[in-house]
Amino acid sequence: MVFLISFLAVVYTSVLGGFSGIAYVTADCLRVLRRYPHQDEPANEMSAKSIEFRGVLVYLSIATLVIMSLGKPVTLVLVYAAISAFILPVLALALLVILSRSSVPAQLRNTKWSNVLLAVCLALFGFLAILQVKESVMGFIG
C-alpha cells in the first residue's frame, strides 16, 4: 500500500510539475516575443493567473485527453520524448549565444573553456536529440 501511494504521489507531482513548467515557460516566451510593456517591472511579473498561462494549460489538457481517447497512449509518450529531447541542446545553444555577446559585461561573459564545453554539450545532446526523434518517428511508423 505504501508503494502504491508513493507511486501515485510521484506520478501526480511529475504530471503537475511538467504541465505547470511547460505552461509557465510558454506563457513567458509569448510575453517576451510580444514585447509586453513594462514586463520587467515587479508589478508585471509572469503570473499563473495570466491568460497565456491558463491557455497553455487548457491546450495541454485537451491535447492529452484527445490523444488518450484515440486509444494510442504510446503516441503521447513518443511525442513527449521527441519534444523533451530538444531541451538540453536548445539550452546549450542559448547559453552559448547569449553569454558570448559583447553586450554582456566582461566579467559575466563566457570564457574560451566555457564556450568549448557548451559546444561539446550542444554537439552531444544535439546528436542524442536526433537519435530520440528518429526513434520516436520509427515508433509512429511501426
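The residues of the chain are indexed from 1 along the displayed sequence. Quick note: numbers below take in every heavy atom, side chains included, and nothing from hydrogens, waters or symmetry partners.
Note on V66: it clusters hydrophobically with V58, by side-chain heavy-atom contacts below 4.5 Å among ILVMFWY residues. Both V15 and Y24 are members of a single hydrophobic cluster when ILVMFWY side chains are connected at heavy-atom separations under 4.5 Å. When the side chains of ILVMFWY residues are joined at heavy-atom separations under 4.5 Å, either directly or via intervening members, V90 and L99 end up in two distinct hydrophobic clusters. Clustering ILVMFWY residues whenever any of their side-chain heavy atoms sit less than 4.5 angstrom apart, transitively, puts V120 in a cluster other than the one holding V97.
Between V104 and R101, some side-chain heavy-atom pair lies under the 4.5 Å cut-off. Side-chain atoms of P89 and F127, non-hydrogen and from C-beta on, never get closer than 4.5 Å to each other. At least one side-chain heavy atom of F86 sits under 4.5 Å from a side-chain heavy atom of V133. Residues L88 and C121 form no side-chain contact, since every pair of their non-hydrogen atoms from C-beta on lies 4.5 Å or further apart. The shortest side-chain heavy-atom distance between T64 and F19 falls under the 4.5 Å cut-off.
Residue I98 holds its CD1 atom at 13.0 Å from CG of L108, rounded to the nearest 0.5 Å. The OG atom of S100 lies 13.5 Å from the NZ atom of K112; values are rounded to the nearest 0.5 Å. Between I22 atom CD1 and L57 atom CG the span is 10.0 Å, to the nearest 0.5 Å. Distance check, rounded to the nearest 0.5 Å: CG of L118 to CG of L93 gives 9.5 Å. Taking CG from L96 and CG from L117, the interatomic distance works out to 11.0 Å, rounded to the nearest 0.5 Å. The OH atom of Y59 sits 10.0 Å away from atom OG1 of T26, with the distance rounded to the nearest 0.5 Å.
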### Message
Apply side-chain contact (heavy atoms from CB on, under 4.5 Å) to residues E135 and L131 and explain how you reach the verdict.
### Response
CA-CA 6 Å; E135 183 179 312; L131 287 180; over 6 Å; no
Show, in sequence, the C-alpha distance, side-chain angles and deciding distance for F3 and S6, and conclude whether the side-chain contact (heavy atoms from CB on, under 4.5 Å) test is met. CA-CA 5 Å; F3 170 75; S6 300; 5.7 Å; no
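More than 12 non-hydrogen atoms from other residues, nucleotides or ligands lie less than 6.0 angstrom from CG of L16.
Contact between R109 and S102 at its shortest, heavy atoms only, is NH2-O, 3.4 Å.
One side chain, S114 or T111, offers a donor N or O that lies under 3.5 Å from an acceptor on the other.
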